[in-house]
A.B. asks: 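Here it is, the structure, as structure tokens.
Every number for a ligand or one of its atoms is a count from 1 in the order of the listing. Basis for what follows: all heavy atoms, side chains included, without hydrogens, waters or symmetry-related copies.
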Amino acid sequence: MEIERNFAIFADPCVIRVNHTINYMQKIQNYINGQHQDSVSAAFLDNFHPACGQVYSLIPDSESQDVEDAYQAAKSAFPAWKNTLPENRFKILNKIAELIDESNDELAKAESKDQGKPVHLAKNEIIRAAQNFRFFATASMQFASESHDMPGTAINYTLRQPIGVVGCISPWNLPLYLFTWKIAPALAAGNCVVAKPSEITPMTAYMLSEICVKAGLPPGVLNIVFGLGPKVGQAIVEHSGIKAISFTGGTSTGKAIASIAAPMFKKLSLELGGKNPNIIFADCDFEKALKTTVNTSFMNQGEICLCGSRIFVERSIYEKFKNALVEEVKKLKTGNPESPDSKIGAIVSEMHYKKVLSYIQLAKEEGGNILCGGEALHPEGFESGWYIAPTIIENLSYDCRTNTEEIFGPVVSIMPFDSEEEVLKMANVTEYGLACSIWTSKLDRAHRMAAEIESGIVWINCWLLRDLRTPFGGMKQSGVGREGGWEAMKFFTEPKNVCIRY
Ligand code: NDP
């Protein structure tokens, strides 16, 4: 296979493939010690364009030696980065934010091509990736620690020092956004990072590495190693010199990571799967609840950990809400992610596409009635892409597999309920506890429900409204620890108490 580098990132791979011309394939490289380089093995993995189901670039199939090289670079860079004045750290991280903003168009197109999401959605996510860097750039200037006076005896003060070299591992659904959500606070707190994006969506992480060079980030402060989770991800987790792991991904991967990291006494932040309830009471603002539920259910093809995949509607408005929702969802156009009309893009990978379709089949076997969707789509010009029609299912028991296992695609189920007690029982039945939306105009009900629902994040009369200062994360099998704001800065630092006797 002939490969040429650094051009035609955005050439249409469908066309490339039809012509059997693959010389224009972008080759991604690892970013270690400020340099771009192939993996030690010089082997590559295919990177797919989900809209067409075709290979369009190659990524390094890295190994533990690449992780070791990245670690050594990070270790060497740490003393200087740790001692860099906060205002100088701020300048570099803020510059990265500015450069991400300046490259919004290119990054959004690349993200869409890599992930399958519509470009207009990717543009918002790239803005949020820049905001992550800007937010934590300022945090590096504001971060302070406490002191505790023992009157007449002593004073304690807490040093919050960077941990050293930390590992950041991110998933494929919001690639640059979630990658920067981890890296930015780690760097702001003075750590050096060995990071791994998902092998399925590596492109914008690679582009970020070029931005870091331009922004003047010193070599070795951030290192990005591309490759497979069980090879590169696991090597990061197993490395004895990497003292903390911030991971976002599936619950089963989180369990595997915890089983390795916990006996090594590493700090762990795990942001895992979800099966979020969207609870609609009869006293809600119907139109707002309806409009938002379309997004809650299907934004980013339902591939957002915060999507509400179980819709509970109070019985008195159940039929009306259900019919209105089905009508709205049937209007959603699924297809070419580059078209401004497309509301739903392609599923990220063939494997995930098959998994989502298998859950639709399971729902049918469990007695589900498909109200709309329920099938793969083959939009004109994109026949070999991985598209699934937005699907709404009813008539499922609240505790069946379809309603308790994470599908992570454009598939939701809708169920009626009669009381607060009943809907709490139904909503809390899963092993997950990430997020929840509740629609009601009754303040006392909102407070009661928020207190009783088992999830780390509760939205009342809204969804996906995020303030970066707030704690972010899940309970039960949706995770351990919290990210966001000072929580993230505290995670990425080690508190040390110093007691001085008067
Ligand atoms: P995975 O758990 O499959 O992968 C996440 C990351 O971990 C990837 O970079 C993956 O690499 C890597 N990885 C895989 N195996 C290992 C291993 N043994 N050791 C170390 N790293 C490993 O998740 P997905 O990428 O499929 O993402 C979807 C999941 O993420 C869903 O469950 C979703 O709910 C969850 N998620 C949670 C969020 C939250 O905030 N709670 C936010 C977004 C998503 P590779 O891809 O290269 O194999």
A.B. asks: Just to verify, what does Q361 make a side-chain contact (heavy atoms from CB on, under 4.5 Å) with, not counting sequence neighbours?
C.D. replies: K364, E365
A.B. asks: Give every residue pair that meets the ring pair (Phe, Tyr, Trp, His ring centres under 6.0 Å) criterion with at least one member in residues 222-241, sequence neighbours excluded.
C.D. replies: Y71-H239
A.B. asks: Show, in sequence, the C-alpha distance, side-chain angles and deciding distance for N403 and S413, and conclude whether the side-chain hydrogen bond (donor to acceptor under 3.5 Å, both in side chains) test is met.
C.D. replies: CA-CA 7 Å; N403 267 332; S413 81; 2.5 Å; yes
A.B. asks: Mind checking what residues have non-hydrogen atoms under 4.0 angstrom from ligand 1?
C.D. replies: I169, S170, P171, W172, N173, L178, K196, P197, S198, E199, G227, L228, G229, P230, G233, Q234, F247, T248, G249, G250, T253, I257, E271, L272, G273, G274, C305, E406, F408, L434, F472
A.B. asks: Could you tabulate the donor-acceptor pairs under 3.5 Å formed by side-chain atoms of residues 128-139, not counting sequence neighbours?
C.D. replies:
{"from": "R128", "atom 1": "NH2", "to": "Y177", "atom 2": "OH", "distance (Å)": "3.2"}
{"from": "N132", "atom 1": "ND2", "to": "Y177", "atom 2": "O", "distance (Å)": "3.1"}
{"from": "N132", "atom 1": "ND2", "to": "T180", "atom 2": "OG1", "distance (Å)": "3.0"}
{"from": "R134", "atom 1": "NH2", "to": "D101", "atom 2": "OD2", "distance (Å)": "2.6"}
{"from": "T138", "atom 1": "OG1", "to": "F135", "atom 2": "O", "distance (Å)": "2.6"}

A.B. asks: Let's go through S62 and N30 carefully: what are the C-alpha distance in whole Å and the side-chain angles of both, what is the deciding distance for side-chain hydrogen bond (donor to acceptor under 3.5 Å, both in side chains) to 0.1 Å, and is it a yes or a no?
C.D. replies: CA-CA 8 Å; S62 305; N30 287 336; 2.9 Å; yes
A.B. asks: Are E366 and R401 ion-paired here, with the side-chain N under 4.0 Å from a carboxylate O?
C.D. replies: no
